[in-house]
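Comments concern the structure below.
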Amino acid sequence: MRLENKVALITGGGSGIGRETSTLFAAEGAKVVVVDVNDDGGQETVATIQSAGGEAVYVHADISQAADCENMVRTAEDSFGGLHVMFNNAGIMHGDDGDAEQTSEKIWELTMAINLKGVFLGCKYGIPAIRKSGGGSIINTASFVALMGAATPQLAYTASKGGVLAMSRELAVIHARENIRVNALCPGPLKTELLMSFLDTEEKKQRRLVHIPMGRFGLAAEMAKAALFLASDDSSYMTGAEFTVDGGITAAYVTPE
Ligand code: NAD
């Protein structure tokens, strides 16, 4: 029960990392606010938590919209009396995102609005609520591509995640003496809907797998465990970190085979 008496808000809670984290946080005692634009997915996550005896509410919010972000934080306070853990996790990877020549302004702006501005808005409204609750932990989902370049480009996505990492670091420094920790989670490539719908052929999957020392994609459940560590007091002396959970990809020069 590492999150007993804590209120946690998780964006993108209707799928992948967000869903696994919502159910794990609830099992560890947190009251969970599940946020998504996919109402079916979000409500399914809440139902799973409730059927296991946990406490959760669903809020529809598009994180690229300020009013929606304000409302999701207000829901946490109204439903559960405060906010201690904020997992700004929702993000997109658009199929038309490519290199500088291929990527349209529209795809660039859409990706930035959700992946980067969405995290900013989450922090903008989440920080005052966390402060009022006596402090807590913010986890922002970046990516291993915030740390290294790929010849299989998704320029808008990569730039947005670099922004998440830089923003998280600075917020960590600003709020360190207020008992508000801010860390960025940098997952490696995962077996979730987001990436697998993008890597829709065996050839595309192999093009990536060859660079991962562990030789497999990660699992959303493995990211949830990392997020739990960052959310709980187990990581009480950690802030401003780029927490890499990537099967060794960022450490590799040559892979085993
Ligand atoms: P996913 O697609 O399974 O889940 C993302 C969820 O976010 C979905 O439920 C979606 O409906 C929701 N969402 C999308 N736009 C939204 C918006 N505007 N407002 C609110 N919710 C919105 O993806 P995932 O793999 O679980 O990814 C979660 C995070 O992890 C993302 O930020 C992603 O960029 C990051 N990430 C994923 C991988 C990977 O390989 N899957 C690797 C590194 C980082």
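Whatever order the structure lists ligands and atoms in, that order sets their numbers, starting from 1.
- Between Thr11 and Asn89, the side chains place no donor N or O within less than 3.5 Å of an acceptor N or O (distance only, hydrogens not considered).
- Note on Leu195 and Ile249: same hydrophobic cluster, where clusters join Ile, Leu, Val, Met, Phe, Trp and Tyr whose side-chain heavy atoms are under 4.5 Å apart, directly or indirectly.
- Listed by first then second residue, pairs satisfying salt bridge (charged side-chain N to carboxylate O under 4.0 Å, His left out) with a partner in residues 92-101 number zero, not counting sequence neighbours.
- Looking at Tyr157 and Asn115, their side chains never bring a donor and an acceptor atom within 3.5 Å of each other.
- Residues Ile139 and Phe243 are not in side-chain contact: their nearest non-hydrogen atoms beyond the backbone lie 4.5 Å or more apart.
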Are there any protein N or O atoms under 3.5 Å from the N or O atoms of ligand 1? List them with distances, or say none.
from	atom 1	to	atom 2	distance (Å)
ligand 1	3 (O)	Ser15	OG	2.6
ligand 1	9 (O)	Asp36	OD1	3.3
ligand 1	9 (O)	Asp36	OD2	2.6
ligand 1	11 (O)	Asp36	OD1	2.6
ligand 1	18 (N)	Asp62	OD1	2.9
ligand 1	19 (N)	Ala61	O	3.4
ligand 1	19 (N)	Ile63	N	3.1
ligand 1	25 (O)	Thr192	OG1	2.5
ligand 1	26 (O)	Ile17	N	2.8
ligand 1	32 (O)	Asn89	O	2.8
ligand 1	32 (O)	Lys161	NZ	2.9
ligand 1	34 (O)	Tyr157	OH	2.6
ligand 1	34 (O)	Lys161	NZ	3.1
ligand 1	36 (N)	Tyr157	OH	3.4
ligand 1	40 (O)	Leu190	N	2.8
ligand 1	41 (N)	Thr192	OG1	2.9

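- Between the side chains of Ser235 and Arg181, a donor-acceptor pair is found at a separation under 3.5 Å.
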